[in-house]
S.K.: 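Here it is: the structure, laid out below.
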Amino acid sequence: MLSSSVAKFRFFIKPPPCILLFFLLSFTSFTSTEAYDVLDPNGNITIRWDIISWTPDGYVKLDLAKTQLSLLQAVVTLNNFQQYRHISAPGWSLGWTWAKKEVIWSMMGGQTTEQGDCSKFKTTPPHCCKKDPTVVDLLPGTPYNQQIANCCKGGVLSSWGQDPANAIASFQISVGRAGTSNKTVRVPKNFTLKAPGPGYTCGPGKIVQPTQFLTGDKRRRTQALMTWNVTCMYSQFLAQKTPSCCVSLSSFYNDTIVPCPTCSCGCQGNSSQSGNCVDPDKPHLASVVANPAKSSPFVQCTRHMCPVRVHWHVKLNYKEYWRVKVTITNFNYKMNYTDWNLVIQHPNFDNLTQLFSFNYKSLTPYGTINDTALLWGIKFYNDLLMEAGPEGNVQSELLFRKDKSTFTFDKGWAFPRRIYFNGDNCVMPPPDAYPWLPNASSRQEVSLLALVLASFVALALCAYA
């Protein structure tokens, strides 16, 4: 009995090699998940609170309680420092929890979604009495006496790399019961940011050096009475359970068209994996799409079930150059993508010579290495990716100059390393499926079946050990 226990103890300390081999083979069959954006390592949304004034005597009289209430004014600014991830309609919503018994008396450039219970105030009630308010942006066309700078865009926030002038949003807030000094004012907690759904996680507010401002004539510098920052980070896995785009590949030197991997964004008939879809061959497609009773996503039925597909086609080969055609196709019947963008990583972007019908900006997440490009549409021409249908695509061509030290069509070098659409990582085909040169040597393929067979062999070895 003792020897048996010792043997079991030795097994847990040092398992047989066959067990180690089995676990090693098992891990090779899983795809890696990424929570850190290597192409935008410093990307975040920073929310800055600048207290610009508080009442000198510090009170506003209440009819019911006959108490005195301090009044504080602050400007809240959202800075989207993400290079290629923007917030589209219906826009952002910012929430927090007050540290004390603060109330919002008035706002400019924004509004809370709920007023809450303000029954204690007998005269003009405050704007919001909730302990945990949620603020949204005002719509374009708001009267000028309710606006401040960088407000009233309907919550739409551009990315810093694409349009830095519109990557900022602001609103002004007047707060009661907040204190009248740096010692009595308390930083709110439990910040939340929706854009418009989940995906962002916000840290606590941190008091920083007060923000400084230049006057209109730029001859005088003023500063906030108190400033704190809140940093919000994005995670694609918190935003959605499944990917939202995929990549297909083709080339002039191979007739094979590599499609998006099957079930990249879900599977048909599987509602738990976004499997509800619309058959494009349906005779009454227009009436089905226009039916407001259905709340499921109106994605065209495909093998990959992705709302967006990006196709990379190696089109032509010249003596000193080579050409690529990029096509973005929308398979969503209910979604237009405004101000879309595309991020592509490929080692030849340091020799990009010409780009047709897209805007281009070089991203250098690794310092001096120029292998990542930010592409987006031209204003009023193709910056809107229309819903699924004949007009639901945009395309461009890229001309690269060859670098003789690195250029090759062999082993899939001409295809991108990764592609993002609107900031979300797209599902790439496996490397062993890439189009190969016709005269390529013996092609090494490792399929899932081979991995499964190898696992059974490992288990069989364990049985005989």
Side-chain angles (χ1 to χ4, degrees), residues 29-34 85 88 196-199 234-250 256-313 326-338 340-344 384-395 415-416 418-435 447-449:
S29 62
F30 296 102
T31 58
S32 62
T33 58
E34 300 173 358
R85 187 171 292 110
S88 57
Y234 178 83
S235 170
Q236 183 175 345
F237 306 102
L238 293 178
Q240 50 203 3
K241 295 181 180 180
T242 59
S244 59
C245 56
C246 63
V247 179
S248 58
L249 308 170
S250 62
T256 303
I257 298 177
V258 180
C260 290
T262 303
C263 296
S264 294
C265 305
C267 298
Q268 295 186 35
N270 187 350
S271 58
S272 64
Q273 297 185 12
S274 304
N276 296 327
C277 60
V278 176
D279 185 357
D281 298 327
K282 214 172 185 65
H284 305 291
L285 177 62
S287 61
V288 172
V289 173
N291 185 6
K294 294 187 177 181
S295 59
S296 59
F298 289 89
V299 177
Q300 180 178 318
C301 292
T302 57
R303 294 172 64 251
H304 53 78
M305 288 298 295
C306 290
V308 173
R309 182 191 67 195
V310 181
H311 185 75
W312 177 281
H313 175 65
V326 177
T327 305
I328 309 172
T329 304
N330 187 4
F331 291 96
N332 195 329
Y333 287 102
K334 282 286 189 177
M335 182 71 176
N336 294 330
Y337 294 93
T338 305
W340 58 267
N341 63 54
L342 199 66
V343 174
I344 305 177
L384 175 63
L385 177 58
M386 296 293 292
E387 62 190 19
E391 304 295 328
N393 67 87
V394 292
Q395 53 190 350
F415 299 103
R418 68 178 74 207
I419 290 181
Y420 288 21
F421 177 79
N422 277 357
D424 287 336
N425 197 357
C426 299
V427 179
M428 298 284 296
D432 62 336
Y434 285 14
S447 64
L448 181 60
L449 178 61

S.K.: Checking side chain to side chain contact (heavy atoms under 4.5 Å, CB included) between W340 and each of V308, L384, L385, N330, which is the one that passes?
M.R.: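 Option passing the side chain to side chain contact (heavy atoms under 4.5 Å, CB included) with W340: L385.
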S.K.: Using the rule given for side-chain contact (heavy atoms from CB on, under 4.5 Å), can you reason through V299 versus Y333, listing the C-alpha separation, both sets of side-chain angles and the distance that settles it, and then say yes or no?
M.R.: CA-CA 6 Å; V299 177; Y333 287 102; over 6 Å; no
S.K.: Not counting sequence neighbours, which residues clear side chain to side chain contact (heavy atoms under 4.5 Å, CB included) with Q240? List them please.
M.R.: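 Expected list: Q236, S244, D424.
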S.K.: In Å, rounded to the nearest 0.5 Å, how long is the span from NE2 of H313 to CG of L249?
M.R.: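 One finds 11.5 Å between NE2 of H313 and CG of L249.
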S.K.: Please enumerate all residues that pass side chain to side chain contact (heavy atoms under 4.5 Å, CB included) together with T262, with sequence neighbours excluded.
M.R.: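 Scan of T262 (side chain to side chain contact (heavy atoms under 4.5 Å, CB included), adjacent residues dropped) gives R303.
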S.K.: Working to the nearest 0.5 Å, report the span between CD of Q300 and SG of C277.
M.R.: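 Nearest 0.5 Å value for the CD-SG distance: 9.0 Å.
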S.K.: Decide, based on the SG atoms alone, whether C260 and C306 are under 2.5 Å apart.
M.R.: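 No.
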S.K.: Do other residues, nucleotides or ligands put more than 12 heavy atoms under 6.0 Å from L238 CG?
M.R.: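 Yes, the 6.0 Å shell around CG holds more than 12 heavy atoms from other groups.
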S.K.: Determine the minimum heavy-atom distance between S264 and V427, stating which atoms define it.
M.R.: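 The pair with the smallest heavy-atom distance is OG-CG1, 3.8 Å.
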S.K.: Determine the minimum heavy-atom distance between Y434 and P429, stating which atoms define it.
M.R.: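 Closest pair (atom of Y434, atom of P429, distance): CE1-O, 3.5 Å.
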S.K.: Please list, chain by chain and in numerical order, all residues satisfying side-chain hydrogen bond (donor to acceptor under 3.5 Å, both in side chains) with T329, sequence neighbours excluded.
M.R.: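 For T329 there are no side-chain hydrogen bond (donor to acceptor under 3.5 Å, both in side chains) partners, ignoring immediate neighbours.
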S.K.: Could you pull out all residues at least two apart from R309 that satisfy salt bridge (Lys or Arg N to Asp or Glu O under 4.0 Å)?
M.R.: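 In terms of salt bridge (Lys or Arg N to Asp or Glu O under 4.0 Å), with neighbours along the sequence ignored, R309 is linked to no residue.
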S.K.: For the pair N393 (side chain) and I328 (backbone), establish whether a donor and an acceptor sit closer than 3.5 Å, ignoring hydrogens and angles.
M.R.: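 No, N393 side chain to I328 backbone: no donor-acceptor pair under 3.5 Å.
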S.K.: Mind checking side chain to side chain contact (heavy atoms under 4.5 Å, CB included) for C426 and listing every partner two or more places apart, or none if nothing turns up?
M.R.: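 Partners of C426 by the side chain to side chain contact (heavy atoms under 4.5 Å, CB included) criterion, ordered by chain and then number, come out as C245, V247, I419, F421.
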S.K.: Working to the nearest 0.5 angstrom, can you tell me the gap between C267 SG and M305 CE?
M.R.: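 Spacing of SG (C267) from CE (M305) equals 8.5 Å.
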S.K.: Does L342 reach the side chain of Y420, with side-chain heavy atoms less than 4.5 Å apart?
M.R.: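 No, too far: nothing below the 4.5 Å cut-off.
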S.K.: Between F298 and E387, is any pair of side-chain heavy atoms under 4.5 Å apart?
M.R.: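 No; the side chains remain at least 4.5 Å from each other.
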S.K.: Suppose we screen for side-chain hydrogen bond (donor to acceptor under 3.5 Å, both in side chains). Which residues come up paired with H311, at least two apart in sequence or across chains?
M.R.: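 Only S248, S250 meet the side-chain hydrogen bond (donor to acceptor under 3.5 Å, both in side chains) criterion with H311.
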S.K.: Please report the shortest heavy-atom distance between T256 and P435, naming the atom on each side.
M.R.: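 Between these two residues, the closest heavy atoms are O-CG, 4.1 Å.
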S.K.: If you apply the rule side-chain contact (heavy atoms from CB on, under 4.5 Å), what do you find for M428 with F415, and how did you get there?
M.R.: CA-CA 10 Å; M428 298 284 296; F415 299 103; 5.9 Å; no
